[in-house]
Each structure stands twice: as structure tokens, then as C-alpha cells.
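Attaching a single structure in C-alpha cells format; questions to follow.
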Amino acid sequence: MFEQLGLIGCGLMGGSFALAMKRAGLVKRVVGYSKSPSTTERARQMGVIDVEAPSALLAVSGADVVLLAVPVAATEATFKAIRHLVTNSMLIMDVGSTKREVVDAARRVLRDHIGSFVPAHPITGKELSGVEHADPDLYHGKQVILTPIEKTQTAHLKRAQALWEGLGCHVQQMAPDSHDAAFAAVSHLPHLLAFALIHAIDGQAHGKDFLGLAGPGFRDFTRIAASDPKVWRDILLSNRVELVEQAKMFQRSLMNMLHLAETGAGEKLEEMIAQASQVRAQWHMGRKK
């Protein structure tokens with residue numbers, strides 16, 4: 001049980017976290033701050049938070065657990081805003097989709113208090129953003145990746161794991177660099193491809209007509225293209241090095257398949273399709289094998 005959650009960012013991710021903690025009986029009081037005062041007020045009206053803080057610094061005051069639910073690009077500025085009230089006994093986490101840049105920001109700003117920070121990435125979300133879509137079930141049954149560094153306090157790491165497990169999450173640990181490489185492949189590149197495909201179709205003379213003919217396969221493949229533009233701008237920029245490497249590997253595979261189709265090499269093309277089909281058929285979310 002935590003006495004007070006300091007919530008910085010009262011949108012979908014932060015709001016859902018606060019609601020989930022309250023429902024699980026893991027926190028007595030939630031003090032929240034958002035850049036937009038109307039968002040903070042709405043969060044209080046919905047019961048997401050109990051007290052509105054006028055600044056990120058005051059949201060941290062008196063908290064024994066702090067969650068940064070802000071865009072990755074805003075992480076360093078947020079650390080700077082709260083650093084004067086950060087203590088070694090305070091557990092600090094984030095929910096960013098990339099970890100290397102977040103960890104580097106924490107090292108620069110938190111310095112002697114870096115041990116209080118346990119970087120976290122819950123594998124969940126919605127295409128709809130905003131506190132009005134906050135859902136206490138958003139995290140239940142989902143994976144959460146913790147990416148501790150050498151200075152992370154063991155006690156805080158254990159507290160973080162217990163907290164997420166208390167919300168019904170499946171928790172595992174990875175190094176920040178390994179995390180970013182993996183999610184460039186399975187999350188960031190797929191989003192980029194979905195955005196690019198929609199752009200490519202929409203940019204054609206008969207693009208709107210083509211979209212009118214699209215069916216369930218197109219719907220499923222491009223669902224993530226409806227994601228929040230600002231959030232995904234920050235994610236793609238933050239992980240651009242790994243993203244480019246994964247894009248190069250995808251490009252090689254794509255060009256290989258296109259060459260087989262262009263030259264009429266049906267058997268080899270079928271082999272590549274069959275291999276992909278088998279891998280996808282055997283894949284289950286959250287399971288490594």
C-alpha cells in the first residue's frame with residue numbers, strides 16, 4: 001500500500017494507472033498534474049485523482065510513488081521540474097515506449113537520486129487518448145517491461161514489480177538497449193508501416209475509391225494508423241536509430257519478395273509466405289516460444 005501517488009500526466013495511461021491502483025487498494029491518495037488545467041480538473045471530476053496540483057513539482061510533494069505519464073520527449077523537462085523534491089525513498093516510474101532516451105535523461109537530471117527511478121513500459125494502450133478514456137482494466141493481463149540500470153535500487157525494483165503485479169500485469173526485465181531494439185521491430189516499425197501505407201494510398205488519384213473497397217484485412221493491418229500523432233512522432237524520433245536498422249531488414253525482405261513476384265518465381269515466393277504464415281500461426285502475444 002502506498003500513501004500517495006504523484007501523477008504527472010492525467011491522460012489515458014496515467015489516468016488508467018491511477019484508477020487501477022485505487023481499485024486494487026494500492027494507494028490512499030492521488031495528487032495529479034497535467035499541462036492542461038482542464039485535463040487535471042476533468043481527472044478530479046472523474047475520480048481519477050483526489051487533488052489537483054498546480055505544478056509537476058507539487059504533484060510530487062509528499063508522494064511515495066510517482067508516475068510520469070508524459071510523452072517521451074517531455075521526460076527530461078519533467079525530471080527537471082520535480083528533481084528538487086525527489087528523495088531516495090521515493091519510487092519513480094514512467095510509461096514511455098522507448099527506454100534508452102528516458103534513462104539517459106534520468107541520469108543527467110536525477111544524478112544522485114537515479115536509484116529511485118525504475119523505467120517501465122506497459123504494453124498496452126488505445127487509439128483513443130485523453131483522460132475521458134481512462135480505464136482501470138487497461139493494464140490488467142498485459143505485459144510490463146522494467147528496464148533497470150546498474151544504479152537502480154534493488155528495493156525500488158522489487159516495489160515496482162510488486163506494484164505492477166498487483167495491477168494484474170505480467171512483469172519482465174530487460175536492458176534499455178535490448179528493449180528499444182525489440183520494440184523497434186514489433187511495435188515502432190509496424191506503426192510506421194501503417195502510417196506510410198495510408199499515406200501512399202491517400203496520395204493516389206483514386207486513393208479514396210481504393211479505401212472504399214478495403215475490407216477486414218486492411219482494417220486489421222492499419223488499425224494502429226489511427227494512433228495519436230504527437231505520441232508516435234516522439235516515439236519514432238526517440239528510437240530512430242533502432243527503427244532505421246529494423247526498416248533496413250524489412251526492406252531487404254520486402255524487395256526479395258517483390259523480386260520473386262516480378263520474376264514469376266512462384267515456388268520460392270510461396271516458401272517465404274509459408275514460413276511467415278507458420279511463424280504467425282504459432283505466435284501468441286506475451287509468449288516467447
Side-chain angles (χ1 to χ4, degrees), residues 1-34 39-70 78 82 85-97 102 113 115-126 128-148 152-173 285-286:
M1 165 69 79
F2 291 91
E3 291 294 321
Q4 181 173 307
L5 166 64
L7 180 62
I8 303 174
C10 301
L12 171 68
M13 300 296 284
S16 297
F17 183 84
L19 290 175
M21 281 198 74
K22 285 186 170 189
R23 187 175 67 179
L26 294 177
V27 67
K28 292 182 180 178
R29 188 168 94 134
V30 179
V31 178
Y33 166 78
S34 279
T39 297
T40 316
E41 182 181 2
R42 177 66 175 143
R44 183 187 57 78
Q45 292 172 347
M46 291 175 60
V48 171
I49 65 175
D50 302 304
V51 178
E52 299 176 45
S55 67
L57 181 65
L58 292 179
V60 169
S61 179
D64 49 351
V65 58
V66 173
L67 185 77
L68 276 62
V70 299
T78 305
I82 69 173
L85 289 182
V86 171
T87 67
N88 286 329
S89 62
M90 182 184 293
L91 169 62
I92 305 172
M93 298 185 296
D94 75 315
V95 293
S97 296
V102 167
H113 297 306
S116 295
F117 181 51
V118 180
H121 177 200
I123 316 304
T124 188
K126 296 180 180 179
L128 300 171
S129 59
V131 69
E132 59 269 21
H133 300 293
D135 180 359
D137 288 317
L138 185 69
Y139 297 101
H140 187 79
K142 304 300 193 303
Q143 289 191 86
V144 173
I145 313 298
L146 303 181
T147 62
T152 303
Q153 293 183 35
T154 302
H156 282 317
L157 181 57
K158 290 180 178 178
R159 291 174 77 199
Q161 177 149 350
L163 190 162
W164 288 109
E165 288 177 345
L167 300 184
C169 301
H170 307 293
V171 182
Q172 61 176 299
Q173 297 180 26
M285 192 165 58

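Every heavy atom of this structure was used, including side-chain atoms; hydrogens, water molecules and symmetry mates were not.
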Going by heavy atoms in the side chains, are Asn88 and Gln153 under 4.5 Å from each other?
-> yes
Non-neighbouring partners of Tyr33 that pass ring pair (Phe, Tyr, Trp, His ring centres under 6.0 Å), sequence neighbours left out | none
Gln161 versus Leu146: any side-chain heavy-atom pair under 4.5 Å?
-> yes
Before giving the answer on side-chain contact (heavy atoms from CB on, under 4.5 Å), spell out for Ile8 and Leu67 the whole-Å C-alpha distance, their side-chain angles and the decisive distance to 0.1 Å.
-> CA-CA 6 Å; Ile8 303 174; Leu67 185 77; over 6 Å; no
In terms of heavy-atom contacts, Val31 and Ala53 come closest through CG1-CB, 3.8 Å
Is there a side-chain contact between Leu5 and Val66, using heavy atoms and a 4.5 Å cut-off?
-> no
Flag the pair Val51 / Arg44 as yes when at least one side-chain heavy-atom distance between them is below 4.5 Å, and no otherwise.
-> no
Partners meeting side chain to side chain donor-acceptor pair (under 3.5 Å) with Thr154 (sequence neighbours left out) = none
Looking at side-chain heavy atoms only, is the closest gap between Pro148 and Phe117 below 4.5 Å?
-> no
Spacing of His113 atom NE2 and Met90 atom CE [to the nearest 0.5 Å] | 9.0 Å
Interatomic distance, CE@Met93 vs CG@Leu68, rounded to 0.5 Å, equals 10.0 Å
With a 4.5 Å heavy-atom cut-off, do Val70 and Asp94 have their side chains touching?
-> no
Tell me which donor-acceptor pairs under 3.5 Å the side chains of residues 54-65 have, and how far apart each pair is, sequence neighbours excluded?
residue: Ser55; atom: OG; partner: Leu58; partner atom: N; Å: 3.1
residue: Asp64; atom: OD1; partner: Glu3; partner atom: N; Å: 3.4
residue: Asp64; atom: OD1; partner: Gln4; partner atom: N; Å: 2.9
residue: Asp64; atom: OD2; partner: Glu3; partner atom: N; Å: 2.9

Exceeds 12 heavy-atom contacts within 6.0 angstrom, atom NE2 of His140 = no
Thr40 side-chain N/O to Ser34 backbone N/O, donor-acceptor pair under 3.5 Å = yes
Given Met1 and Leu26, is the side-chain contact (heavy atoms from CB on, under 4.5 Å) satisfied, shown in steps?
-> CA-CA 4 Å; Met1 165 69 79; Leu26 294 177; 5.7 Å; no
Within the side chain of Ser116, is there an N or O that forms a donor-acceptor pair under 3.5 Å with the backbone of Thr87?
-> yes
Of the non-hydrogen atoms in Leu167 and Ala24, which two are nearest, and what is the gap between them?
-> CD2-CB, 4.2 Å
Does the side chain of Ile123 reach to within under 4.5 Å of the side chain of Val144, using non-hydrogen atoms?
-> no
NZ of Lys158 to OG1 of Thr152, rounded to nearest 0.5 Å, is 13.5 Å
Residues passing the salt bridge (Lys or Arg N to Asp or Glu O under 4.0 Å) test with Arg159, sequence neighbours excluded, are none
Non-hydrogen side-chain atoms of His170 and Lys142 separated by less than 4.5 Å = no
What distance separates Cys10 SG from Met46 CE, expressed to the nearest 0.5 Å?
-> 10.5 Å
Please walk me through it: do Ser97 and His121 pass side-chain contact (heavy atoms from CB on, under 4.5 Å)?
-> CA-CA 6 Å; Ser97 296; His121 177 200; 3.7 Å; yes
Pairs of donor and acceptor atoms involving the side chains of residues 12-22, under 3.5 Å and at least two apart or interchain, shall be tabulated with distances.
residue: Ser16; atom: OG; partner: Leu12; partner atom: O; Å: 2.7
residue: Ser16; atom: OG; partner: Asp135; partner atom: N; Å: 2.8
residue: Ser16; atom: OG; partner: Asp135; partner atom: O; Å: 3.3
residue: Lys22; atom: NZ; partner: Gly47; partner atom: O; Å: 2.8
residue: Lys22; atom: NZ; partner: Asp50; partner atom: OD1; Å: 2.9

Closest non-hydrogen contact found for Gln172 with Gln143 is NE2-OE1, 2.7 Å
Arg29: what forms a salt bridge (Lys or Arg N to Asp or Glu O under 4.0 Å) with it, not counting sequence neighbours?
-> none
Thr124 and Leu138 have their tightest heavy-atom pair at OG1-O, 2.8 Å
